[in-house]
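Below: one structure, written as structure tokens.
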Amino acid sequence: MGFDPLISILKLKGSTYKFTQQKTINLLSVLETINLLLNGGQEADPGKDSNSLTNKTVLVQKKILDHLLLLGVESQWAPVAVRCVSLRCIGDLVVSHPNNRDALASKVLGEDPQVEPALNSVLRVILRTASMQEFVAADYIFKSFCEKNPDGQTMLASTLIPQPHSINHTPHDEETNMSFGSMLLQGLTWSESEGDLETCCRAASVLSHLLKDNIQCKERVLQLNLEAPMPPLRGPEPLMHRVVKYLALASSMKSKDGKTSSSGYQHAQPIILKLLVIWLADCPSAVQCFLESHPHLTYLLELVSNPTATACIRGLAAVLLGESVIYNKTSDSGKDPFSIVDAIGQKVGLTSYFLKFDEMQKSSVFNTAKLAMPRKSLTRSNAASMAEIEDVDEKETTNQKSEDHPLIELMFDSQFVSFVKGLEVNIREQIVEIYSHPKSQVAVVPAELEQTSGESDGEYMKRLKMFVEKQCREIQDLLSRNASLAEDLVKTGGSGSSQIENRVSGGSERVQLESLRRELQEASQRVEILKVEKAKIESEASNYRNLAVKTESDLKSLSDAYNSLEQVNFQLEREVKSLKSGGATPDLDIEAIKAEAREEAQKESEVELNDLLVCLGQEQSKVEKLSTRLMELGEDVDRLLEGIGDETLPEDDEEED
């Protein structure tokens, strides 16, 4: 029953909308009261969540959104403090409340015919306002609207349709008729022609809320191709590539005096890096798109090692590199996880790379976000001071001791810091695991140890030898990687390095040593198999040698028999001549007897000679095959056959004499 008086104070009466100091104080006090109703005080209250949910429901039912939108969005003549607090109240109303989110999405502002959705008007505030505080407050509305709201994210992402370059850079006066997505894409690309990355930085922050924890939206935005500023010279490029280009541009843009500009570029890099970190998280296709351009990886490696960059920027670049490893599913050479880890080891060094995480966690941005400090309660004194201040004096904030822009501390909330911390743990473990193993691990496939059909014995032995040599090289690579990793971990000092050392020695190193031991055992088993096969082949070679000796002996016996037949034939011829000269047995046909004896001897010798030739052919093929196998095993065949068959030569010579 007490809500109505509060809401009535928010109603702006009269046509002049003059904001006196007292009226501003009253409005700030009412908005602070609403904030307490939505969020509670600093003390923990068990019933806080249920009370907050009920209060959100009732306040929206009483049309408080209309008054807050009028104060925060439509009343640009209202004090900056009032607009900022009103915008934050809108964000508090819709966070974790589906009905209130739908109510905000359905709101329209303006008068016919210049009406547009309330979210479009909030986006215009983000892109146009000159107040950093107002940008942060309006950005908080999109963060609250998109948090755990995949349908809302998809609805907004569906309006992201690339427009031609001329339409995409329409004057501000014609933006009322533009869709949410067209206005956001205009913000992402407007700064390129204007030479100022401030608008791009703010649009990137809104886009990060649309993509957070929503794979469907990430995939959809990946398909966006933007028209180049000079189409004849360059073709369309993916939106992600354009964002990375602006990231590199933010580090190179200088002010007129030659120094890095402090007006908007100090916070542009961290916010764009935040978008890329959220985009690549758990999205392999986004990682693939990011790595399609090789200069992206080169730039990240340089940014991680850049001494002029802040610890926050170097740390976020290291996280982005880590995501390119743990969410990388590609096997293309130069883009796979092993290649990226090798590049990190060569260009940055594993120790230095891991230290970037520790430095980032110690930076003021992450320390402030971890504390999650509650908002200051509003008192009469600070309400009066807020009413008099139009905006935060950036010159004062930049004089703080922190090297990071104060806006970054407002943009990096505790949720994002926790998200990065979880990524860091996974990145450390995965990189150590990949760094400890070779790129191509050879699986023990029994088929590789068997001789294939049509493969000669020489080719088979050569392939087995190459297989064992490859295993030995990979084992040596593992040992060298293990030594390098151990050296890096030993050199790392401080608590952060000790945590790495404990994690590695507790898990990854045990896995690595076990893998080494297993591969050595498998290689030893394969060597033993090869030794057994070699002994078997040598035994067969010995049998073939013995068979060759036996064949030579049989050949000598056949030769002796043939010589004996020749002697008998010669003796018979002498007897025939003797008989002819003696005149005995005139009727005896000497020539017939001689021919018959010669024919009988020739038949007998031909049969034996044919058998001998068959045996010689069989034995010759065996000897040739045996010689080939002995040469493949490295034996000297001529030396083994030396002397075989020579013992018959003297006897033959004597017989010839």
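What you see is a predicted model; the values in this text were computed from it and never measured. For the numbers below, each heavy atom of this structure counts, side chains included, while hydrogens, waters and symmetry mates do not.
Listed by chain and residue number, V325, N328, I434 satisfy the side-chain contact (heavy atoms from CB on, under 4.5 Å) test with P337 (two or more places apart in sequence, or in another chain). The side-chain hydrogen bond (donor to acceptor under 3.5 Å, both in side chains) check on S144 picks up nothing, with sequence neighbours excluded. Every residue two or more places apart in sequence or in another chain that forms a side-chain contact (heavy atoms from CB on, under 4.5 Å) with A157 is listed here: L160, C217, R220. Looking at residues two or more places apart in sequence or on another chain, you find a side-chain contact (heavy atoms from CB on, under 4.5 Å) between S293 and H241, P295, H296. Take R101 and apply the side-chain contact (heavy atoms from CB on, under 4.5 Å) test, not counting sequence neighbours, and it matches V94, P98, F145, N149. Here F357 pairs with Y353 under the ring-ring contact (aromatic ring centres under 6.0 Å, His included) rule; sequence neighbours left out. Residues passing the ring-ring contact (aromatic ring centres under 6.0 Å, His included) test with F135: none are found, sequence neighbours excluded. With sequence neighbours left out, the ring-ring contact (aromatic ring centres under 6.0 Å, His included) criterion links Y327 to no other residue. Partners of S305 under the side-chain hydrogen bond (donor to acceptor under 3.5 Å, both in side chains) rule, at least two apart in sequence or in another chain, do not exist in this structure. Considering only residues two or more places apart in sequence or on other chains, F416 meets the ring-ring contact (aromatic ring centres under 6.0 Å, His included) condition with F412.
Going from atom CG of L226 over to atom OG1 of T189 covers 6.5 Å, rounded to the nearest 0.5 Å. For the atom pair SG of C201 and CG of L407, the computed distance is 7.0 Å after rounding to the nearest 0.5 Å. How far CD of E323 is from SG of C283: 10.0 Å, rounded to the nearest 0.5 Å. With values rounded to the nearest 0.5 angstrom, L69 atom CG is found 6.5 Å from L104 atom CG. Atom CG of L38 and atom CD1 of I64 lie 7.5 Å apart (nearest 0.5 Å).
Within 6.0 Å of CD on E292 lie more than 12 heavy atoms contributed by other residues, nucleotides or ligands.
Among I126, L127, L188, the single residue meeting the side-chain contact (heavy atoms from CB on, under 4.5 Å) criterion with V206 is I126. The side-chain hydrogen bond (donor to acceptor under 3.5 Å, both in side chains) test with Q22 singles out one residue from T24, N26, T20, and that residue is N26.
A pairwise comparison of heavy atoms in E409 and S364 identifies OE2-OG, 3.5 Å as the closest pair. Minimum heavy-atom separation, R83 to S75: CD-O, 3.4 Å. For L27 against I9, the heavy-atom pair with the smallest separation is CD2-O, 3.6 Å. Minimum heavy-atom separation, V125 to E134: CG1-OE2, 3.7 Å.
E116 and S121 share a donor-acceptor pair across their side chains, judged by distance under 3.5 Å alone.
Residues in residues 54-67 take part in these side chain to side chain donor-acceptor pair (under 3.5 Å) pairs, two or more places apart or across chains: D4-K62, T57-H97, D66-K107. Within the structure, side chain to side chain donor-acceptor pair (under 3.5 Å) pairs that include any residue of residues 281-291 comprise E219-S285 (at least two apart or interchain).
By the 4.5 Å heavy-atom criterion applied to side chains, L10 and L31 are counted as neighbours.
One N or O on the side chain of Q153 and one on the backbone of K212 form a donor-acceptor pair closer than 3.5 Å.
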